[in-house]
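A quick write-up on the structure given underneath.
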Protein chains: 2
Amino acid sequence: MGHDARRPRRELSVGEVARRSGVAVSALHFYEAKGLITSHRTGGNQRRYGRDVLRRVAVIKVAQRLGVPLATIRDALKTLPEARTPNAADWRKLSEHWRADLDARIRKLTQLRDSLDECIGCGCLSVETCPLRNPYDELGEAGPGPHLLDPG
Amino acid sequence: MGHDARRPRRELSVGEVARRSGVAVSALHFYEAKGLITSHRTGGNQRRYGRDVLRRVAVIKVAQRLGVPLATIRDALKTLPEARTPNAADWRKLSEHWRADLDARIRKLTQLRDSLDECIGCGCLSVETCPLRNPYDELGEAGPGPHLLDPG
DNA sequence: AATAAACCTCAAGTACACTTGAGAGCGAAT
DNA sequence: ATTCGCTCTCAAGTGTACTTGAGGTTTATT
C-alpha cells in the first residue's frame, strides 16, 4: 500500500488513441485544431491524452452519425466541465440536447415524405404554395436553401 | 386561325428560369454542366429553356431537401423520357424511388435516436459492441465513416 | 549509440455544391 | 446607332471534414 496504489494508467499517444477509437491520427490533429479535443505535450512536443479523450472521440463520432456538424459538436463539448472528468450525467445531458435535435429532424423528414406523394406528381410545385417547395413553411428550415443537416 | 393558334409560350432565358424557380443563374449553369438540365442556344450562344425546366428544377430542389446528392438526382432524372415532356406518372415514379430512400433514412435515424438514450450515458461506447458506434451493424451504413445522407 | 517506428508542422489536395469575379459578347429599347 | 441590362466562359474562391505529402524530430528498442 502506497501513494500509487491505483496508478493513473499511463496517458495515451495519438497513435494509441487512433487505434483504440478507430479514427485516423490526422483526424485527431484536426479535431484538436478545431477545439474538440485537447492534449498536453511531452518535452519533445508530442501529444499526450487523458483517458476521457476516448469517450470524447466516441461521442464526436456518434454525433456525426446523427448529422451534427463539427462546429456544433465543439460548442456542445465546451459545456462539459473542464475541471473534472465528465461523468455519466454530463454525457447524458449532451445526448438529450442532440436527441431533441434528432427528433425534430425526424419529424421534418417524415412530413417531407408525406408531402412527397401528394405533391410531386401534381402541378403544385410552386415555391409559394407547395409545402414541399416553400422553404419558410412549417417544416421549419432555418432559412433559404437546403439545410437537411441543420444543427439544432 | 393559323399555324400559331396555340403558341408555345416563348422559351425561357436563364434569368427568367432563375427568377421563377428561385435558384441563382450560376446554379442553373452548374446544373447544366452536371447534366441535370439541358438547354439549346440562340444564334448568339445564349441559353433557352423549355417550360419543363421549371419542374425539373423544382424536383431537384425537393430532392435536395430530402438529402439526395446531385449525382443521384442526375441519374434519376436521366430515367425520364427524353422524347416527350414528362408527365405526372413519370414524376411520380421518381418520387417513389426517393420515398423508399427517405423511409430508410427515417428508420435509420429513429433507431439511432432510440439507441442514444441507452448508450451515451453508459460505458458501452466501444466500436465493437455499441450499436451507436459500430458502423457495420444493422443500422446499415454502407461502409466506414458517417453516411447520414447516403444516396439510396 | 544506432536504428526504426512514431510523431511533429505546414501546405496542399479532395469531394460536394455552389458563388464570385473578370473580361467580353448579345439583345431590346430608345 | 447607342446604351444598358442580360448573358457568355473560365478560373478561382467558399465551407465542411478531412487526407496526403514533404521534410524533419522524438521515442523506444536493441
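Because the structure is predicted, anything quoted here is derived from the model rather than measured. The sequence lines fix the lettering, A, B, ..., with proteins before strands; numbering per chain opens at 1.
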Please report, rounded to the nearest Å, how far the [atom2] atom of [N] is from the [atom1] atom of [X].
X	N	atom1	atom2	result
B/Gln46	D/dC6	CD	P	11 Å
A/Arg41	D/dT25	CZ	C1'	13 Å
A/Arg47	D/dT27	CZ	P	14 Å
A/His29	D/dT19	NE2	C1'	12 Å
A/Leu28	C/dT9	CG	P	13 Å
A/Lys34	D/dA17	NZ	P	8 Å
A/Asp75	D/dT16	CG	P	12 Å
A/Glu32	C/dC8	CD	C1'	12 Å

Among D/dC18, C/dG27, C/dA17, the one nearest A/Lys61 by side-chain distance: D/dC18
B/Phe30 side-chain proximity, nearest of D/dT19, C/dA17, D/dC8: C/dA17
Output yes when at least one side-chain N/O atom of [X] is less than 4.0 Å from OP1 or OP2 of [N], else no.
X	N	answer
B/Gln64	C/dC16	no
B/Ser26	C/dT20	no
B/Tyr31	C/dC18	yes
B/Thr42	C/dC26	no

Test: B/Glu16 and B/Arg10 ion pair at under 4.0 Å: yes
Basic-acidic side-chain contact under 4.0 Å: A/Arg107, A/Asp103: no
Show me the donor-acceptor pairs within less than 3.5 Å that the side chains of residues 24-35 of chain B make with the rest of the protein, sequence neighbours left out.
| residue | atom | partner | partner atom | Å |
| --- | --- | --- | --- | --- |
| B/His29 | NE2 | B/Arg47 | NH1 | 3.2 |
| B/Tyr31 | OH | B/Lys61 | NZ | 3.2 |
| B/Glu32 | OE1 | B/Ser39 | OG | 3.1 |
| B/Glu32 | OE1 | B/Arg47 | NE | 3.1 |
| B/Glu32 | OE1 | B/Tyr49 | OH | 3.2 |
| B/Glu32 | OE2 | B/Ser39 | OG | 3.0 |

B/Ala71 vs B/Gly43, nearer the 5' end of DNA chain C by closest nucleotide: B/Ala71
Touch class at under 4.0 angstrom, heavy-atom based, for B/Val25 against every strand present: nothing
Sugar-phosphate, base or nothing in reach of A/Arg19, heavy atoms under 4.0 Å: nothing
Among A/Thr85, A/Asp90, A/Val59, A/Asp52, the one residue meeting side chain to side chain contact (heavy atoms under 4.5 Å, CB included) with A/Leu80: A/Asp90
Pairwise 5' ranking along DNA chain D for A/Arg48 and B/Ser13, keeping only the more 5' one: B/Ser13
